[in-house]
Amino acid sequence: MEMSISSTEQGVRYRQPIVCVLGHVDHGKTTVLDAIRGTSVAQKEAGGITQRIGATDIDAETIERSARALLKGAKLKVPGLLFIDTPGHVAFSNMRARGGALADIAVLVIDINEGLMPQTVESINILKKFRTPFIVAANKIDLIPLFTPVRDVSFIECLKKQRKEYVEELDRRIYELVSALYGQGFQSERYDRITDFTRTVAIVPVSGKLHIGMPDLLMMLAGLAQRYLENDIRLRTDETRGTVIEVKREEGTGVTLDTVIYQGVLRAGDEIALNTRDGPAVTRVRGMLINTHGRKKGLREVESVQAAAGVRVLISDKLDVIPGTPMIVVRGDRDKIFEEIIKESSVSIPLSEHGVTVKAEALGSLEAVSYELGQKGIGIRSAQTGDVTKRDIIDVATLQDPMEKVIIAFNVSVLPEAQQAAAENDVTIIQGNIIYRLIEEVEGWLAEKKKQLE
Ligand code: GDP
């Protein structure tokens, strides 16, 4: 296996591919992310890792070392990987870039003892929709019976220490996974048996808890990046773009934006265009902060950052910035940039004349919830971001059809006066932060209502 992405191939510079970790709750997303960081830290005494705001940088050297440990003479050169710190498909859908997903590639974590669960399927649907290349981390292999304890090793090293019975049981479970993934439309295989990487999703058996399989995971991700992203990850210097992940208003410091810069270079003093609740606006980067580790742990002010990177941006204006908005450095025609900001802030939701009302915290999750409702044949009459307000309740209360007197609130609060208005006007609010549970509740409510009306 030979791989090569040179970071300076014929003068072409590359940025790190952005990686997101997805999967069902408790299958080990957070643990696997921590293990990836841990592996890196252990290998390079905190040198190979920079925890930016909201994202973690694993440098090229760490990945190359992982590859060399697995394959003698492997020539794997990648410009590092940037892992988004917030795992999950909701975060994945909320983080947009250029109408697509912010993450270039993904790790789908599946507990090998449980197999595909509802949020695994939701994750797969989202990966399909965005056409995001991914690998599967088949996690918790240490829980398979007859496991011989090892830790901090590659999967290949781990295998050498295991008994025949264990390996047979592991393979049996992997083939269950292969068959379940086939049901979702994907050909997959244990990664070390794959002959044609272009058609097969790699399954990397891991234990996040015992740090097993992390070199294998990093190597497969680097390979995936190389196969699919050559053109997408060329570093451009003519434009700078990012996505705002979180907006914070702090006394004294003004507004801070946690962002991921996915293209170009951002410098202090740059003029940036953003979407606000009052429409697109321009403001200036007053300062930038990144996290640092090691002896000088903490926030550090920087003058410039190069994609891909997580960075906290301080802006002076008290703009009401919408989380999830694109951020574009203003060079050239401002109106054109504003048009783009508006276009990129919109999502496609099939709205119908009749149906339920949906509120969600950001555009991406609004789209994700709407997609899942659509899959169940539930119509949507209105879909908006933000908390549930009294105005929303009054709006729904005026509808004639009792089946429409419901608001689905995903990851948002219901304001007290809205709560009261709902009680007074017989409007039901179905609230939650797990999509499939929310949809189940909506289905239950609609079925119950239908029965009452018959
Ligand atoms: P998440 O909800 O997907 O982020 O899952 P977490 O990372 O929080 O893990 C859920 C639980 O599974 C925690 O109790 C972890 O300690 C445990 N866990 C995660 N990975 C492993 C693993 O590889 N082996 C074992 N035995 N437990 C694990």
Side-chain angles (χ1 to χ4, degrees), residues 19-42 51 54-56 58 66 83-95 103 105-127 134-159 161-162 166-167 169-174 176-177 180-181 190-191 202-218 220-221 245 365 368 410-411 432-438:
V19 190
C20 192
V21 177
L22 284 70
H24 191 73
V25 64
D26 281 346
H27 278 199
K29 299 179 291 293
T30 311
T31 310
V32 167
L33 257 171
D34 284 348
I36 290 169
R37 294 188 194 121
T39 304
S40 175
V41 171
Q51 183 155 17
T56 304
I58 307 290
S66 295
F83 284 82
I84 301 288
D85 286 341
T86 317
H89 56 292
V90 173
F92 179 94
S93 359
N94 278 337
M95 293 176 194
I105 50 179
V107 179
L108 178 63
V109 176
I110 305 177
D111 181 340
I112 195 163
N113 310 289
E114 283 207 335
L116 263 59
M117 296 295 277
Q119 288 172 318
T120 322
V121 177
E122 281 175 24
S123 303
I124 290 173
N125 285 340
I126 285 165
L127 293 171
F134 67 98
I135 62 170
V136 169
N139 192 31
K140 308 200 189 184
I141 59 165
D142 57 297
L143 293 180
I144 296 170
L146 300 174
F147 174 73
T148 306
V150 282
R151 59 177 308 147
D152 296 309
V153 290
S154 68
F155 168 65
I156 302 296
E157 277 304 311
C158 165
L159 260 190
K161 300 281 188 315
Q162 302 302 324
Y166 172 88
V167 179
E169 179 58 21
L170 171 75
D171 272 338
R172 201 185 61 71
R173 292 178 191 212
I174 286 174
E176 270 177 21
L177 211 54
L181 288 166
R190 206 176 88 182
Y191 91 88
I203 299 176
V204 183
V206 303
S207 167
K209 192 175 170 186
L210 299 181
H211 294 202
I212 298 169
M214 297 307 130
D216 319 60
L217 204 63
L218 290 176
M220 282 298 109
L221 282 171
I245 291 172
S365 49
F410 181 71
N411 256 351
N433 51 20
I434 296 175
I435 297 180
Y436 77 94
R437 289 211 187 119
L438 197 65

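For ligands, and for the atoms within them, numbers begin at 1 and follow the listed sequence. Numbers here simply count residues along the sequence, with the first being 1.
Counting only distance, with no hydrogens or angles, the side chain of Lys29 and the backbone of Leu22 share no donor-acceptor pair below 3.5 Å. When atom types are taken as modelled, the side chain of Asn433 and the backbone of Phe410 share no donor-acceptor pair closer than 3.5 angstrom. For the pair Asn113 (side chain) and Lys140 (backbone), a donor-acceptor distance under 3.5 Å is present. Judged by distance alone, the side chain of Ser365 and the main-chain N or O of Ala368 form no donor-acceptor pair under 3.5 Å.
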Please report, to 0.1 Å, the donor-acceptor pairs under 3.5 Å made by any side chain of residues 114-122, with sequence neighbours excluded.
{"unit_1": "Glu114", "atom_1": "OE1", "unit_2": "His27", "atom_2": "NE2", "d": "2.8"}
{"unit_1": "Gln119", "atom_1": "OE1", "unit_2": "His24", "atom_2": "ND1", "d": "3.3"}
{"unit_1": "Gln119", "atom_1": "OE1", "unit_2": "Val25", "atom_2": "N", "d": "2.8"}
{"unit_1": "Thr120", "atom_1": "OG1", "unit_2": "Met117", "atom_2": "N", "d": "3.0"}
{"unit_1": "Thr120", "atom_1": "OG1", "unit_2": "Met117", "atom_2": "O", "d": "3.2"}
{"unit_1": "Glu122", "atom_1": "OE1", "unit_2": "His89", "atom_2": "NE2", "d": "2.5"}
{"unit_1": "Glu122", "atom_1": "OE2", "unit_2": "Tyr436", "atom_2": "N", "d": "2.9"}

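With hydrogens and angles left out, the side-chain atoms of Thr56 and Asp85 include a donor and acceptor closer than 3.5 Å.
Protein residues having a heavy atom under 4.0 Å from any atom of ligand 1 are His24, Val25, Asp26, His27, Gly28, Lys29, Thr30, Thr31, Asn139, Lys140, Asp142, Leu143, Ser207, Gly208, Lys209, listed by chain and number.
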